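Inspection log for the structure reproduced underneath, given as C-alpha cells.
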2 protein chains.
Amino acid sequence: MDANSERGAEASTPLSREKVVRQALALADSEGIEALSMRRLGQELNAGAMSLYHHVRNKEELLDGIVDLVFAEIELPESQDDWRAAMRGRAVSAREVLARHPWAITLMASRTAPGPANLRHHEAVTACLRRAGFSIRMATHANWLLDSYVYGFALQEASLPFADAEELADMIHEVFLPQLPPEEYPYLNESATELMQSDYDPADEFTYGLSLILHALERDRLSAKP
Amino acid sequence: MDANSERGAEASTPLSREKVVRQALALADSEGIEALSMRRLGQELNAGAMSLYHHVRNKEELLDGIVDLVFAEIELPESQDDWRAAMRGRAVSAREVLARHPWAITLMASRTAPGPANLRHHEAVTACLRRAGFSIRMATHANWLLDSYVYGFALQEASLPFADAEELADMIHEVFLPQLPPEEYPYLNESATELMQSDYDPADEFTYGLSLILHALERDRLSAKP
DNA sequence: TTGACAGTCGTACACTGTACGGTTACTAGC
DNA sequence: GCTAGTAACCGTACAGTGTACGACTGTCAA
C-alpha cells in the first residue's frame with residue numbers, strides 16, 4: 001500500500017510531491033516566480049508551509065522540480081523525420097514552451113543537475129543526430145550549438161518588454177526612439193525607425209537563425225574532423 | 001563644489017553611486033550574487049544599509065548598475081577589421097566576461113531596460129555590420145543570431161558544475177556515467193564514455209559554433225530578401 | 001494494547017528589502 | 001558670524017522570506 005494512495009473523495013486528497021510541484025508550477029505561471037513562496041504555496045494547497053517539506057527537501061529541489069516539468073513539455077524530436085525537420089520541430093517547441101514560462105529560463109541558468117525530463121530530451125536528440133550520420137563529436141557540436149541558440153533566443157525574448165509586433169511598434173515610438181538620439185546612436189536610431197515602419201516581427205527572427213544553423217550543420221554533418 | 005569631492009585622506013571618502021555599484025560588483029564576484037544584500041554591501045563600504053539608498057533608488061537599480069558594468073567589460077568590435085574578425089573578437093570577449101561573472105547571465109534575463117554600456121555596445125556592433133554591407137534587416141538578423149548564441153552558450157556554461165577539461169573527465173566518471181545506465185540512455189552513455197577518453201574540451205565548442213554562424217552569415221550578407 | 005512512524009503544522013530564528021524619521025555636516029544668504 | 005536649508009547618513013521597525021525544531025495526529029504491525 002502506497003502512502004500516496006487516495007484516502008477518499010471528501011476533503012482534499014493528501015499532498016504528494018507530484019501535487020506540490022504541479023501547484024508550484026501553476027502558481028509561478030499565474031502570478032510570477034517571485035510570488036512562489038513556501039507559505040503561499042502551502043496556502044494554495046490548503047496546507048501549512050512546513051508540510052511541504054515532507055515531499056520536497058527544500059525550495060531548491062522544488063525549483064528543480066518545476067524546471068523539469070517545463071522540460072517535459074518540450075516535444076521530443078520525431079526520429080522518423082529527416083533530421084533537420086526533427087530538430088526544427090523540437091527547437092520550435094522549446095521556444096514556445098520557454099515563451100509560455102518566461103521565468104523558467106532564469107531558473108535553468110542557476111541549476112546544475114539535469115532532471116529526468118532533461119536527460120530524456122537530450123537522449124532523444126542525440127539519438128536522432130547519431131542515426132542521421134553525425135559522429136559523436138559532431139553530434140556534440142550540434143547539441144551545443146542548437147541548445148545555445150534556443151536558450152539564448154528565449155533569454156532575449158524573455159527580457160523584451162512587449163509581447164507582439166504591434167506592441168513593439170508602439171514601444172519603439174514611445175520608449176526606445178526617445179532614448180536613441182541620432183547623434184549618439186545613429187545606427188540604432190536608423191534601425192529602430194526602419195523596423196517600426198516595416199512589418200517587422202521579432203517572432204520571425206527565430207526561424208531565420210534556426211534555418212541558418214540547420215543548413216550549415218548539414219554541410220558539416222559527415223565531416224570527421226571538427 | 002561637488003558633493004562627491006574628497007573630504008580628506010583620513011577616514012573613508014564619501015559614498016557615491018559609482019563606489020556603491022563597483023563594490024556591489026566586487027562582492028557578487030567574490031562571494032556570489034546571493035551574498036549581495038544591502039546590509040552586507042553597506043558593511044563592505046563602512047556604511048549603514050540605508051545610506052546606500054541615497055545613491056541608488058532601490059536594489060533593482062543596483063542590479064541594473066552592476067549588469068551594465070559587466071557589459072562595459074566586453075570589448076567593442078574593431079570596425080577597421082573585416083566584419084567577421086570584428087564579430088569573432090567581440091563574441092569571444094563577451095563569452096570571457098560572462099564566464100568571469102557567471103551570475104550576470106541570470107540577472108540579464110530578468111532586466112528589461114538596457115543600460116548605457118549595453119546600448120553603446122549594440123550601436124558599435126550594428127555600425128560594424130552596416131558598414132560591412134549588411135542591410136538593416138540582415139544586420140538585425142545577425143544581431144539576434146549572434147547574441148542568442150553567445151548568451152545561450154554562456155548560460156549553458158554557467159550551469160556546468162566543472163571548470164576545465166580535466167575536472168570534466170573526473171566528473172563524467174564519478175557523477176554522470178553512474179546516472180546514465182546504457183539501457184535507458186544508450187546514446188548519452190556512449191557519448192559520455194567517448195568524450196571522457198578523448199581530449200574533449202567544452203571550451204572548444206564555442207569556437208565551432210561561432211565559426212559556423214559567421215561563415216553562414218557571410219553567405220547571406222548581401223542578400224536582400226530574408 | 002503498544003510501538004513505530006509518516007504526515008501535518010505552530011512557533012521561532014535569522015535573514016531580506018525598504019519606509020520613516022531623526023541626526024549630523026556643510027553650504028548659501030544675509 | 002549667524003542662520004536657514006539641505007544633502008548625506010543611519011537606527012529602528014515592519015512585513016516578508018526559508019527552514020530547524022518539536023509537538024500533535026492518525027494509521028498500521030506486532
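A quick note: this is a predicted structure, and the numbers were derived from the prediction, not measured. All values below were derived from every heavy atom in this structure, side-chain atoms included, with hydrogens, water molecules and symmetry-related copies excluded. All chains are named by letter (A, B, ...) in the order of the sequence lines, taking the proteins before the strands, and each is independently numbered beginning at 1.
A straight line from CD of B:Glu34 to P of D:dG18 spans 15 Å, rounded to a whole angstrom. Rounded to whole Å, atom P of D:dA7 lies 19 Å from atom CG of B:Leu52. Atom CD of B:Gln43 and atom C1' of C:dT16 are 14 Å apart (whole Å). Nucleotide C:dT16 holds its P atom 11 Å from the OH atom of B:Tyr53, rounded to whole Å. In this structure, NE2 of B:His54 is placed 11 Å from C1' of C:dG21, rounded to the nearest angstrom. To the nearest angstrom, P of D:dC21 lies 10 Å from CE of A:Met50. Rounded to whole Å, the distance from NZ on B:Lys59 to P on C:dA19 is 15 Å. Nucleotide C:dT16 holds its P atom 14 Å from the CG atom of B:Leu62, rounded to whole Å.
Here the options are A:Glu75, A:Glu78, A:His121, the test is side-chain hydrogen bond (donor to acceptor under 3.5 Å, both in side chains), and the partner is A:Arg90; only A:His121 passes.
Relative ring orientation between B:Phe153 and A:Trp144 is described as tilted, the plane-to-plane angle lying within the 30° to 60° band.
Classification of A:Arg100 and A:Glu96 as a salt-bridged pair fails, no side-chain N sitting under 4.0 Å from a carboxylate O.
Minimum atom distance to the side chain of B:Leu15 is reached by D:dC9, of the listed D:dC9, C:dT16, D:dT17. Taking the side chain of B:Ala47 as heavy atoms from C-beta on, and the options C:dG17, D:dC10, C:dC9, the nearest nucleotide is D:dC10.
Here B:His55 reaches the OP1 or OP2 of D:dC9: one of its side-chain N or O atoms lies under 4.0 Å away.
Considering all non-hydrogen atoms of both residues, A:Leu52 and A:Met38 come closest at CD1-O, 3.3 Å.
Under 3.5 Å, the side chain of B:Arg39 and the base of C:dG17 form at least one donor-acceptor pair of N or O atoms.
Heavy atoms of B:Ser51 sit under 4.0 angstrom from at least one base atom.
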